[in-house]
Amino acid sequence: MVSIGVKEEVSEVGLRPEEAGIGVWSWVLQRVTAVLLLVFLGAHFWVLHFAVVGEQINFVRVSERLRTPFFIVLDLALLATVLYHALNGLRIVIVDFGISPMAQRLLLGALWLIGILTFIFGANTLLPFITSTPLFYR
Amino acid sequence: MLKIVGWRGRSSNTPLWPTNYRVGMWAWLLQRITGLALVFYLFLHIWVISFSAVGKDGLSFDLVLTALQTPFFIVLDLALLAAVLFHALNGIRILLFDLGIGVRSQKVLFGLFMAIGLLAFGAGVAVLLPYALGKPLS
């Protein structure tokens with residue numbers, strides 16, 4: 001018999017924050033980032049493709065927008081949020097194939113490293129629009 | 001009795017065999033597939049955009065963007081829009097279930113959200129189709 005015992009799982013793992021392990025936190029954060037992405041990605045899509053239809057997007061126009069603190073914060077928040085959601089989603093898919101607990105820990109560490117490095121890389125790409133020079137060239 | 005044995009010896013006579021999938025399983029599988037596709041696109045996007053701003057190799061943002069605004073890439077944009085819409089709307093459906101809303105009418109909700117997605121995709125096609133067919137951007 002197949003039973004998918006949501007209730008049993010909840011009582012075993014514990015949903016109260018002080019009992020929550022890494023699995024529960026990543027589950028909660030996946031939902032939180034999902035809601036944030038609806039807002040951030042919605043804004044990103046709208047501004048770039050629909051706010052002004054048929055206009056060539058170019059460096060000058062994007063720079064004008066990106067120099068305002070609102071869009072700097074929005075874009076960096078979008079970058080961090082989307083990286084967490086994407087890499088945690090990838091982790092869930094891989095873990096569901098049934099890898100060992102040790103492999104799961106290694107995977108978690110590797111994905112955090114990739115995420116942090118990609119955030120730095122992406123933030124550096126945004127910098128020239130704001131300050132006219134990046135921290136480093138690729 | 002004829003017993004058809006499926007992939008890796010799994011019986012094909014279970015709800016977990018693809019030909020026996022119902023709405024919820026297809027939604028789950030498509031959420032994973034679109035998720036993985038979007039992870040791939042995200043890293044490609046961060047990489048491609050980085051050429052424009054941080055590259056020393058003579059590629060400017062405007063040159064890269066001119067290439068990305070050709071009909072071929074606008075058609076790919078529509079595929080991206082479809083994947084994002086499915087993932088986002090099915091994601092909202094999952095979030096509702098997590099809050100205990102609508103679990104019993106999950107199939108109706110799936111139909112409803114897919115209808116919303118089709119309408120939004122139609123709006124996207126209406127906006128982008130002229131440019132996919134070669135109308136120049138101003």
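Computed from heavy atoms alone, side chains included, the values below leave out hydrogens, waters and symmetry copies. In what follows, chains carry the letters A, B, and so on, assigned in the order in which the sequence lines appear, proteins first and then strands, with residues in each chain numbered from 1.
- No part of Ile94(A) comes within reach of chain B, as not one of its non-hydrogen atoms sits under 4.5 angstrom from that chain.
- Nearest heavy-atom pair across Ala88(B) and Leu38(A) is CB-CD2, 4.0 Å.
- Both Val127(B) and Leu133(B) are members of a single hydrophobic cluster when ILVMFWY side chains are connected at heavy-atom separations under 4.5 Å.
- Proximity to chain A (any heavy atom under 4.5 Å) is restricted, for Leu36(B), to the side chain, taken from C-beta onward.
- With a 4.5 Å cut-off on non-hydrogen atoms, Leu37(A) does not touch chain B at all.
- Put simply, Val84(B) and Leu119(B) are part of two different groups of oily side chains (I, L, V, M, F, W, Y) that touch within less than 4.5 Å, one to the next.
- At least one side-chain heavy atom of Leu83(A) sits less than 4.5 Å from a side-chain heavy atom of Phe43(B).
- When the side chains of ILVMFWY residues are joined at heavy-atom separations under 4.5 Å, either directly or via intervening members, Val39(A) and Val32(A) end up in a single hydrophobic cluster.
- Counting heavy-atom pairs under 4.5 Å between each of Val82(A), Leu41(A), Val35(A) and chain B puts Val82(A) at the top.
- Taking the side chain as every heavy atom from C-beta outward, Val39(B) and Val93(A) never approach each other to under 4.5 Å.
- For the set Asp77(B), Leu42(B), Leu68(B), Leu65(B), the count of heavy-atom pairs under 4.5 angstrom toward chain A peaks at Leu42(B).
- The stretch residues 89-113 of chain B places Ile92(B), Ile94(B), Leu95(B), Asp98(B) near chain A, each with some heavy atom under 4.5 Å from a heavy atom of that chain.
- The line from CZ of Arg32(B) to CD1 of Ile92(A) is 7.0 Å long, rounded to the nearest 0.5 Å.
- When hydrophobic clusters are built by joining Ile, Leu, Val, Met, Phe, Trp and Tyr residues whose side-chain heavy atoms come closer than 4.5 Å, directly or via intermediates, Val48(B) is grouped together with Phe73(B).
- The aromatic rings of Phe121(A) and Trp47(B) lie parallel to each other, their planes meeting at an angle below 30°, with 60° marking the opposite boundary.
- In the hydrophobic cluster analysis, where Ile, Leu, Val, Met, Phe, Trp and Tyr join through side-chain heavy atoms closer than 4.5 angstrom, Leu113(A) is grouped apart from Leu90(A).
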